[in-house]
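Predicted model, so just to flag it, every value in this text is computed and none were measured.
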Amino acid sequence: MTVDAVEEFERHRSKLFGLAYRMLGSAEEAEDVVQDAFLRWHHASAVESPWAWLAKVATNLCVNRLTSARALRESYVGSWLPEPVLTADNALGPLDTAERRDLVSLAFLVLLERLNPVERAVFVLREAFGYSHRQVAEVIDSSEANSRQLYRRARRRLADDPGSAERRVDHAYRHDLVAGFLAAAQEGDLPGLEKLLAEDVTVWVDGGGRVGAARRPVSGADKVARYLVGALNTTGQRVQLSIAELNGAPGLLALAGEELIGVLVPEIAGGLISEIRIIANPDKLRLSHSAGQSGSYR
């Protein structure tokens, strides 16, 4: 492979990662897809449109992975949640609008699990990358009419998402609310914590069977507050929380000493925290940890 070919691929690497991550909800798998795409690029010749070629290769690799992953996710121990990504340095591309942040939020990535792999490909290409139906059809080897039909079906399946408008909370307000949550949780202030939680708040915890974690959702402000305070004080050493931008919104990193043991991502509705997703599976903390330590994703 020539130096020019390698440089051309590198110009698209970040965008390819963003595409694969939106498709898979896993940073580690997205990196694998990018690497597989590079190997195919290595053997390609006379590519007229590098990005179009790479996007098609990556999308099809993701569709294949999603197809085989369905059975694994159905047998997953506890709640399956996407792998969080630190986004302060544009690891998923510019997230300068509420709409762009919506499309990479953990809540929305969970919602995308309702779609079959091809529907998800069509939706991601249309919504996140602005593809026309003609371009989508070329990627999925289908017709424009079928692309439109798949897109309409995907929109219907996602239409009952109650949180899309609520996620568009003023960024500064969201940060302040998360900061208040951090202080109350860190101090074990149950009454203070409950004041920040919606009455029907729900927590999902992804431990993957690797660590002790609630395998079913915990609901209700009082139960959630007690669960969180208890979880922060049962590891044998004091857990420190810090705010970081995760998937385009303020979230919390939980560290025991220098080890990242969890990531907490709250969602806001009606001015209060309505949902919290906690990722504690060590296999899903690799990227967040390395990024948090070095400030770099590569």
Side-chain angles (χ1 to χ4, degrees), residues 1-69 82-97 99-106 108-109 112 115 117-142 147 154 245-248 284 286-288 290-291 294-298:
M1 179 180 291
T2 67
V3 173
D4 287 346
V6 173
E7 290 179 347
E8 180 66 33
F9 181 87
E10 290 301 322
R11 280 195 285 272
H12 301 290
R13 177 184 287 274
S14 179
K15 196 174 178 181
L16 273 180
F17 174 79
L19 169 60
Y21 177 74
R22 288 167 172 84
M23 282 288 295
L24 299 169
S26 167
E28 183 173 10
E29 287 191 65
E31 289 181 334
D32 289 343
V33 164
V34 171
Q35 185 59 31
D36 287 346
F38 177 75
L39 293 176
R40 285 160 173 75
W41 174 256
H42 177 73
H43 296 291
S45 60
V47 175
E48 185 176 339
S49 176
W51 166 249
W53 189 92
L54 288 167
K56 180 171 183 174
V57 168
T59 298
N60 288 319
L61 286 169
C62 289
V63 167
N64 291 339
R65 281 177 175 261
L66 284 173
T67 301
S68 61
E83 181 182 339
V85 174
L86 288 159
T87 51
D89 65 352
N90 292 331
L92 296 177
L95 300 177
D96 51 350
T97 66
E99 290 80 5
R100 285 178 172 175
R101 290 192 293 272
D102 275 356
L103 292 174
V104 296
S105 71
L106 286 193
F108 196 73
L109 291 175
L112 286 179
L115 306 181
V118 178
E119 289 170 345
R120 187 162 178 164
V122 172
F123 188 86
V124 168
L125 289 170
R126 287 281 297 162
E127 294 288 325
F129 292 87
Y131 269 43
S132 67
H133 283 294
R134 179 184 60 79
Q135 292 171 312
V136 171
E138 291 174 356
V139 171
I140 65 173
D141 292 321
S142 186
S147 172
E245 184 182 298
L246 295 155
N247 292 66
K284 296 186 178 184
R286 178 189 55 82
L287 186 65
S288 288
S290 62
S294 67
S296 172
Y297 293 87
R298 303 293 173 199

Trainee: Write down the atom of Leu106, the atom of Pro84, and the distance for their closest heavy-atom approach.
Mentor: CD2-CA, 4.4 Å
Trainee: Can you list the steps and then say if Val57 with Trp41 is a side chain to side chain contact (heavy atoms under 4.5 Å, CB included)?
Mentor: CA-CA 9 Å; Val57 168; Trp41 174 256; over 6 Å; no
Trainee: Could you grab the distance from atom CG of Asp32 to atom CG of Leu61, nearest 0.5 Å is fine?
Mentor: 10.5 Å
Trainee: If you take all heavy atoms of Ala121 and Val63, which pair is closest and at what distance?
Mentor: CB-CG2, 4.1 Å
Trainee: Nearest 0.5 Å please: distance from the CG atom of Leu112 over to the CG atom of Leu24.
Mentor: 11.0 Å
Trainee: What's the verdict on side chain to side chain contact (heavy atoms under 4.5 Å, CB included) for Leu19 and Leu125, showing C-alpha distance, side-chain angles and the deciding distance?
Mentor: CA-CA 8 Å; Leu19 169 60; Leu125 289 170; 4.0 Å; yes
Trainee: Tell me, please, which residues at least two apart from Glu29 pass salt bridge (charged side-chain N to carboxylate O under 4.0 Å, His left out).
Mentor: Arg65
Trainee: Not counting sequence neighbours, which residues clear salt bridge (charged side-chain N to carboxylate O under 4.0 Å, His left out) with Arg40? List them please.
Mentor: none
Trainee: Between the side chain of Ser26 and the main-chain N/O of Glu83, is any donor-acceptor distance below 3.5 Å?
Mentor: no
Trainee: Can you see which heavy atom on Phe9 is nearest to which on Val34, and at what distance?
Mentor: CZ-O, 3.5 Å
Trainee: With heavy-atom distances below 4.5 Å as the criterion, would you say the side chains of Val33 and Leu16 are in contact?
Mentor: no
Trainee: Which heavy-atom pair separates Ala44 from Val47 by the least distance, and what is that distance?
Mentor: CB-CG2, 3.8 Å
Trainee: For a quick test of reading the model, state the closest non-hydrogen atom pair linking Met23 to Pro117 and the distance between them.
Mentor: CE-O, 4.0 Å
Trainee: What is the ring orientation for Phe108 with Phe123, classed by angle as parallel under 30°, tilted 30 to 60°, or perpendicular over 60°?
Mentor: tilted
Trainee: Considering all heavy atoms of both residues, which atom of Ser147 and which atom of Val136 are nearest to each other, and what is their separation?
Mentor: OG-CG1, 3.3 Å
Trainee: When rounded to the nearest 0.5 angstrom, what distance separates CZ in Arg100 from CG in Leu92?
Mentor: 12.0 Å
Trainee: Which value, rounded to the nearest 0.5 Å, describes the distance between Gln135 atom CD and His133 atom NE2?
Mentor: 11.0 Å
Trainee: Could you grab the distance from atom CG of Asn247 to atom CG of Leu95, nearest 0.5 Å is fine?
Mentor: 8.5 Å
Trainee: May I have the list of side-chain donor-acceptor pairs in residues 48-56 shorter than 3.5 Å, sequence neighbours left out?
Mentor:
residue	atom	partner	partner atom	Å
Trp51	NE1	Tyr131	OH	3.1
Lys56	NZ	Glu138	O	3.1
Lys56	NZ	Asp141	OD1	2.8

Trainee: Apply side chain to side chain donor-acceptor pair (under 3.5 Å) to Thr59 and list each qualifying residue two or more places apart in sequence or on a separate chain.
Mentor: none
Trainee: Kindly write out the residues that satisfy side-chain contact (heavy atoms from CB on, under 4.5 Å) with Ala128, not counting sequence neighbours, or none if the list is empty.
Mentor: Arg22, Leu103, Val124
Trainee: Would you compute the distance between atom CG of Leu115 and atom CG of Leu66 and round it to the nearest 0.5 angstrom?
Mentor: 10.0 Å
Trainee: Mind checking side chain to side chain donor-acceptor pair (under 3.5 Å) for Thr67 and listing every partner two or more places apart, or none if nothing turns up?
Mentor: none
